[in-house]
Amino acid sequence: MKDLLIREVLARGQELEGKEVEACGWVHRIRDLGALRFLVLRDKSGTLQAVFKRGETPQEVLSRALELREESVVCVKGSLRRAPTREGYEISARDLRLLSAPVEPLPLEVPDSPKATLPTRLKYRWLDVRNPKVSAIFKLKGWIAGKFREHFSSLQFTEIFTPKIVATGTESGADVFPVLYFGKTVYLAQSPQFYKQMAVIAGLERVFEVGPVFRAEPHHTVRHLNEYHSLDIEVGFIESYNDVMDLVEGFFRRLAQDLHEVRELLEEHGAEPLQVPERVPRLTMRQAYEVLAEYGKRVQYGEDLDPEGERLLGSYARERYKSDLIFVTEYPWKVRPFYTMRKEEEPAWTYGFDLLMRGLEVVTGGQREHRYERLRQNLREKGLREEDFSFYLEFFKHGAPPHGGAGMGLERITMQMLGLQNIREARLLPRDTERVTP
RNA sequence: GCCGCGGUAGUAUAGCCUGGACCAGUAUGCGGGCCUGUCAAGCCCGUGACCCGGGUUCAAAUCCCGGCCGCGGCGCCA
């Protein structure tokens, strides 16, 4: 492995000045002035200019430098010195190792790859992601997932790993992908829902999972993927679903507080830091109808929000509370899955909530129904067959604490954090209705 | 699933409505040349494209039909 990333070389610039250093990476740009040739070297951490100059660089090395093409992989050795470059330093090259050269012209220009259309970028993703603005997306995404693990681990949650091959399809109406499994048809998990609940009931009490989920809906939008990563939590012994919202809110507050750690990733995208106020507004669905009415948007009483409604509530949160986040609570029973706990006194409404981030739904959660008979009744009312969920019902026969949880869309959070126009940008290799390669 | 929009060099686009001066323009890349301080380096020369099939017409990148592919809105959801 190479000794130093470019960033580390630059950070130790004073100490390394005048000394021989080696930097390895891709040839980002070539500025050829004849007997003077500048290479901008790029690695995952940054860029650094190398100079090949007649009279300074050995002739043999200089002539090899003249053969180089962009996106070649090279190591340049030479002395580090101050220079009026963007980085403040440059390498005066004395040696050059060519590790790999392109065998054909590049289908995508790396420094400009965000200007290409998304299909082209995704087709040549290994080139696209070489662009620092693009790799920033995945660095941030990884950072968010890391924060999630760190945050909930510190609250005594246990990380779990549930099956992605499952026997039962529908739990929230979303279509599932069938898989041939030893001659039987099974499905790809659309959510860890049942199993994270089982883990709580199994005595783990507080659990979280970071894992893929699969949705077989043929949607054509900029905010849906057929495969994405879900950040799930589930926790026992809650008093109400407010406990769950507190946990979700705490996580987002943590993200906002620690965002300075990844400031430059946001800057790549010109993104504003996440605004999380002292208390994130919590609006019941019925209150949301009224707010939307003030914005001139009518939503049928007892119906779900549409994307326009969500966007308007996002504006409302920003204008009224200076908040990028807003909870919508007490969702109608008719639009929530059977395992959601209903309000005792108003069974048409539930203890289910969504969290909107900058006008897009990024989290869904709520209190779950833990009472066996109520659960059976909910199934019946949803018109679902008890035998299809018998394995799930079993969990509740031997002592299940009141519990609740939430699922958060990692790509959606990343997308909203950076202001991306299409969720596919937040997935290294997105799967949608047509795309299964690369 | 319903609806709308689109497919021009490697990439990104102009041209299409109002068919002919378009053997298709521009930028960038690519190939060649000049240049010892560039930093989106510059300058000169060159290279390379109308998705497929059918139709209308004297004439189709342009109009019509079908196919394939792509994009987006809604539904559904994270």
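Chain naming here is simple, since letters A, B, ... match the order of the sequence lines and numbering starts at 1 in each.
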Nucleotide nearest [X] when distance is taken to its side chain, options [options]:
X: Glu90(A); options: U38(B), U36(B), C71(B); answer: U38(B)
X: Arg54(A); options: C74(B), G37(B), U36(B); answer: U36(B)
X: Ala83(A); options: U36(B), C77(B), G37(B); answer: G37(B)
X: Glu70(A); options: U36(B), C76(B), C30(B); answer: C30(B)

Are OP1 or OP2 of [N] and a side-chain N or O of [X] less than 4.0 angstrom apart?
X: Arg424(A); N: G72(B); answer: yes
X: Arg435(A); N: C71(B); answer: yes
X: Arg86(A); N: A40(B); answer: yes
X: Arg29(A); N: A41(B); answer: yes
X: Thr117(A); N: A12(B); answer: yes
X: Arg69(A); N: C30(B); answer: no

With heavy atoms under 4.0 Å as the rule, sort [X] into base, sugar-phosphate or nothing.
X: Asn422(A); result: sugar-phosphate
X: Thr364(A); result: sugar-phosphate
X: Pro111(A); result: nothing
X: Arg81(A); result: base
X: Ile423(A); result: base
X: Arg336(A); result: nothing
X: Asp112(A); result: nothing
X: Val222(A); result: sugar-phosphate
X: Val40(A); result: nothing
X: Leu33(A); result: base
X: Pro218(A); result: base
X: Leu410(A); result: nothing

remark   = Which of Val129(A), Leu122(A), Asp128(A) passes side-chain contact (heavy atoms from CB on, under 4.5 Å) with Leu428(A)? Answer is Val129(A)
key: Protein-nucleotide distance (Arg121(A), atom CZ; U11(B), atom P), rounded to Å   = 15 Å
inquiry  = Rounding to an integer number of Å, can you tell me how far Leu108(A) CG sits from A12(B) P?
reply    = 8 Å
Between [atom1] of [X] and [atom2] of [Y], what distance do you get to the nearest 0.5 Å?
X: Leu375(A); Y: Arg380(A); atom1: CG; atom2: CZ; result: 10.5 Å
X: Arg64(A); Y: Phe52(A); atom1: CZ; atom2: CZ; result: 8.5 Å
X: Ile201(A); Y: Lys196(A); atom1: CD1; atom2: NZ; result: 12.5 Å

request  = For a ring pair (Phe, Tyr, Trp, His ring centres under 6.0 Å) with Phe157(A), tell me which candidate from Phe152(A), Phe251(A), Phe208(A) qualifies.
outcome  = Phe152(A)
So, do [X] and [Y] have ring centers that fall under 6.0 Å from each other?
X: Tyr392(A); Y: Phe338(A); answer: yes
X: Phe353(A); Y: Tyr331(A); answer: no
X: Phe177(A); Y: Tyr187(A); answer: no

For [N] versus [M], give the span between their [atom1] atoms, rounded off to a whole number of Å.
N: G25(B); M: G15(B); atom1: C1'; result: 8 Å
N: A40(B); M: U57(B); atom1: C1'; result: 47 Å
N: G70(B); M: C64(B); atom1: P; result: 23 Å
N: G75(B); M: G19(B); atom1: P; result: 41 Å
N: C50(B); M: G7(B); atom1: C1'; result: 10 Å
N: C71(B); M: A12(B); atom1: C1'; result: 16 Å
N: A9(B); M: U62(B); atom1: P; result: 15 Å
N: G54(B); M: A59(B); atom1: P; result: 15 Å

task = Verify the stacking flag for Phe38(A) against A41(B): centroid separation must be under 5.5 angstrom and the ring planes must differ by under 30 degrees.
result = no
key: Step-by-step side-chain contact (heavy atoms from CB on, under 4.5 Å) determination, Tyr339(A) to Asn378(A)   = CA-CA 7 Å; Tyr339(A) 52 78; Asn378(A) 281 356; over 6 Å; no
message = Give the dot-bracket line for RNA chain B from 5' end to 3' end: parentheses for intra-strand Watson-Crick or G-U pairs under 3.5 Å, square brackets for crossings, | for inter-strand pairing, dots for unpaired.
response = (((((((..((((......[....))))((((((.......))))))...(((((..]....))))))))))))....
inquiry  = Once hydrogens and angles are ignored, does a donor-acceptor distance under 3.5 Å link the base of C77(B) to the side chain of Arg412(A)?
reply    =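 Checked by distance alone, the answer is yes.
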inquiry  = Is it the case that the base of U38(B) and the side chain of Gln49(A) share a donor-acceptor contact (distance under 3.5 Å, atom types as modelled)?
reply    =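 Indeed there is one.
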key: Nearest heavy-atom neighbours spanning Lys164(A) and Pro192(A)   =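 Where Lys164(A) meets Pro192(A) most closely, the heavy atoms are NZ-CB, 4.3 Å.
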